[in-house]
*Asks:* 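If you scroll down you'll find the structure; I have some questions about it.
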Amino acid sequence: MLTFEEKLSIIESFPELERKDVSLGRVNFHYEESVHEKKIVVQHLHPNGNGFVYGGHLPKAAIDRKGYVNIRDYSESELREIIKKSIGYLSEIHEEKEQEDTYTDLEGVWTKRGQEELSLVKEDLLWNIYSGSNLEDCFESPIEAERYLKEEGFSKKD
């Protein structure tokens, strides 16, 4: 397994990626030239060597629910290859299999055990979740927002 420093060095060798330090010593790398809403290529690279690379080009069975692949045990060549393919994928327009317009029924009030309420609203390019007037979270896709709400135990209010 490559160390954090080795993975960092490999990732930083891609000049098109921009480093963004996040919490707990983790690091994200963004591809700002992405033609998609998705811009994070490397997510949560952790000092313990764990981390994720966006795998939109891979079959759904190979990626997690957010579209990422765990790179904990990747070799240098495997890591370079998946980052290269991820950047390539984010550089091209792809025919979307699902249109976002079909997700408008997700907008509205979501409840948890009939007591807690959150609102899901599409605003510009983001899907925002509000608790009253307070912004709780935002997502780049309706699929991510829906997964989050369901994982937290919420269901769409009729």
Side-chain angles (χ1 to χ4, degrees), residues 1-107 110 118 120-130 135-152 154 156:
M1 180 175 89
L2 297 170
T3 67
F4 172 74
E5 291 77 17
E6 290 168 330
K7 287 178 183 169
L8 201 55
S9 176
I10 292 165
I11 297 164
E12 287 175 337
S13 73
F14 289 87
E16 57 268 65
L17 296 180
E18 182 180 327
R19 179 181 174 149
K20 306 260 183 172
D21 293 340
V22 291
S23 62
L24 305 172
R26 297 175 299 179
V27 182
N28 287 352
F29 284 86
H30 293 226
Y31 177 53
E32 296 299 333
E33 300 300 316
S34 175
V35 296
H36 301 272
E37 291 180 30
K38 176 68 72 185
K39 298 209 182 296
I40 299 174
V41 172
V42 178
Q43 184 177 51
H44 296 158
L45 181 63
H46 192 278
N48 70 7
N50 205 18
F52 303 88
V53 171
Y54 181 66
H57 59 285
L58 296 171
K60 294 223 182 271
I63 57 178
D64 69 12
R65 63 183 176 75
K66 292 184 178 181
Y68 287 89
V69 175
N70 190 306
I71 58 165
R72 181 177 193 78
D73 297 321
Y74 272 42
S75 68
E76 179 178 351
S77 61
E78 290 170 324
L79 182 56
R80 286 187 187 283
E81 184 67 20
I82 195 166
I83 291 171
K84 181 180 167 186
K85 287 183 177 179
S86 182
I87 292 169
Y89 180 83
L90 293 172
S91 298
E92 300 172 358
I93 295 177
H94 307 278
E95 188 175 315
E96 295 294 324
K97 293 178 184 163
E98 302 169 297
Q99 295 292 326
E100 265 195 21
D101 294 341
T102 63
Y103 293 104
T104 56
D105 60 324
L106 295 177
E107 288 186 272
W110 289 68
L118 294 177
L120 177 60
V121 181
K122 183 174 191 258
E123 297 176 317
D124 296 319
L125 297 176
L126 296 175
W127 290 79
N128 296 325
I129 296 175
Y130 290 92
L135 179 65
E136 289 293 316
D137 214 332
C138 59
F139 298 89
E140 293 178 345
S141 82
I143 297 168
E144 292 174 352
E146 180 184 29
R147 283 182 187 145
Y148 170 81
L149 287 164
K150 286 182 176 179
E151 286 175 0
E152 293 297 318
F154 287 85
K156 182 76 165 71

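The chain is numbered in sequence order, starting from 1. None of the values given here were measured: they were computed from a predicted structure.
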*Asks:* What distance do F4 atom CZ and I11 atom CD1 have between them, rounded to the nearest 0.5 Å?
*Replies:*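 So the CZ of F4 and the CD1 of I11 are separated by 8.5 Å.
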
*Asks:* Got a second to check how far L90's CG is from E32's CD, nearest 0.5 Å?
*Replies:*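 Taking CG in L90 and CD in E32, the distance rounds to 11.5 Å.
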
*Asks:* Treating S86 as the side-chain partner and V41 as the backbone partner, does any N or O pair qualify as donor plus acceptor under 3.5 Å?
*Replies:*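 Not at all, since once roles are kept as given, no pair shorter than 3.5 Å links the two residues.
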
*Asks:* Determine the minimum heavy-atom distance between I10 and R80, stating which atoms define it.
*Replies:*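 Closest heavy-atom pair between I10 and R80: CG2-CG, 3.7 Å.
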
*Asks:* Is the NZ atom of K66 crowded by more than 12 outside heavy atoms at less than 6.0 Å?
*Replies:*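 At most 12 heavy atoms, drawn from other residues, nucleotides or ligands, come within 6.0 Å of this atom.
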
*Asks:* For the residue pair R26 and L45, establish whether any side-chain heavy-atom pair is separated by less than 4.5 Å.
*Replies:*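 Side chain of R26 against side chain of L45, heavy atoms only: no contact under 4.5 Å found.
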
*Asks:* Which distance, rounded to the nearest 0.5 Å, do you find between the NZ of K122 and the OG of S141?
*Replies:*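 The OG atom of S141 is 11.0 Å from NZ of K122, to the nearest 0.5 Å.
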
*Asks:* Looking at every heavy atom in both H57 and K85, which two are closest together, and how far apart are they?
*Replies:*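 The pair with the smallest heavy-atom distance is NE2-CB, 3.5 Å.
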
*Asks:* Is there side-chain contact between I71 and L2, with at least one heavy-atom pair below 4.5 Å?
*Replies:*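 A side-chain contact is absent here, since even the closest heavy-atom pair is not under 4.5 Å.
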
*Asks:* Heavy-atom distance under 4.5 Å between the side chains of F139 and E37, does that happen here?
*Replies:*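 Side chain of F139 against side chain of E37, heavy atoms only: no contact under 4.5 Å found.
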
*Asks:* Going through the checks in order, is the side chain to side chain contact (heavy atoms under 4.5 Å, CB included) test met by H30 and L17?
*Replies:* CA-CA 5 Å; H30 293 226; L17 296 180; over 6 Å; no

*Asks:* If you count every heavy atom of other residues, nucleotides or ligands that lies below 6.0 Å from K20 atom NZ, does the total exceed 12?
*Replies:*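 Yes - once you tally the heavy atoms of other residues, nucleotides and ligands closer than 6.0 Å, there are more than 12.
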
*Asks:* I'd like to check the salt bridge (Lys or Arg N to Asp or Glu O under 4.0 Å) partners of E16; sequence neighbours left out, ordered by chain and number.
*Replies:*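 With sequence neighbours excluded, E16 shows a salt bridge (Lys or Arg N to Asp or Glu O under 4.0 Å) to no residue whatsoever.
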
*Asks:* For residues V27 and V42, determine if any side-chain heavy atom of one lies less than 4.5 Å from a side-chain heavy atom of the other.
*Replies:*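 No, their side chains stay 4.5 Å or more apart.
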
*Asks:* Using every non-hydrogen atom in the two residues, find where A145 and L120 come nearest and quote the distance to one decimal.
*Replies:*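 Minimum heavy-atom separation between A145 and L120: CB-CD1, 3.7 Å.
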
*Asks:* If I compare all heavy atoms of P47 with all of G25, which pair ends up nearest, and what's the gap?
*Replies:*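 In terms of heavy atoms, the two residues are closest at CD-O, 3.4 Å.
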
*Asks:* Apply salt bridge (Lys or Arg N to Asp or Glu O under 4.0 Å) to D21 and list each qualifying residue two or more places apart in sequence or on a separate chain.
*Replies:*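 Per chain and number, D21 pairs via salt bridge (Lys or Arg N to Asp or Glu O under 4.0 Å) with R19.
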
*Asks:* Evaluate whether atom CD of E81 has more than 12 neighbouring non-hydrogen atoms of other residues, nucleotides or ligands under 6.0 angstrom away.
*Replies:*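 Counting neighbours around CD of E81, more than 12 heavy atoms of other residues, nucleotides or ligands fall under 6.0 Å, so yes.
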
*Asks:* At what distance, to the nearest 0.5 angstrom, does CD of E5 lie from CG of L8?
*Replies:*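 If I round to the nearest 0.5 Å, the distance is 7.5 Å.
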
*Asks:* How long is the gap from OH on Y74 to CD1 on I83, to the nearest 0.5 Å?
*Replies:*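 These two atoms lie 10.0 Å from each other.
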
*Asks:* Verify, without hydrogens or angle tests, whether K38 (side chain) and G56 (backbone) share a donor-acceptor contact under 3.5 angstrom.
*Replies:*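 Checked: no pair found.
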
*Asks:* Hey, does F29 have a side-chain heavy atom less than 4.5 Å from the side chain of E12?
*Replies:*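 A side-chain contact under 4.5 Å exists here.
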
*Asks:* Less than 4.5 Å apart, any side-chain heavy atom of R72 and any of H46?
*Replies:*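 Not in contact.
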
*Asks:* Answer whether the closest heavy-atom distance between the side chains of I40 and Y68 falls below 4.5 Å.
*Replies:*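 A side-chain contact under 4.5 Å exists here.
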
*Asks:* For the CG atom of N50 and the CE atom of M1, what is their distance to the nearest 0.5 Å?
*Replies:*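 Atom-to-atom, N50:CG and M1:CE are 8.0 Å apart.
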
*Asks:* Regarding E123 and Y130, do their side chains bring together a donor and an acceptor under 3.5 Å, going by distance alone?
*Replies:*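 Side chains of E123 and Y130: pair found under 3.5 Å.
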
*Asks:* Between F14 and Y31, is there a side-chain heavy-atom distance shorter than 4.5 Å?
*Replies:*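 With C-beta onward as the side chain, the pair stays apart.
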
*Asks:* Considering all heavy atoms of both residues, which atom of K156 and which atom of W110 are nearest to each other, and what is their separation?
*Replies:*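 Taking K156 first and W110 second, the nearest heavy atoms are N-CE3, 3.3 Å.
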
*Asks:* Check H44 against V22 and note the closest heavy-atom contact, atom names and distance.
*Replies:*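 Closest pair (atom of H44, atom of V22, distance): CD2-CG2, 4.0 Å.
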
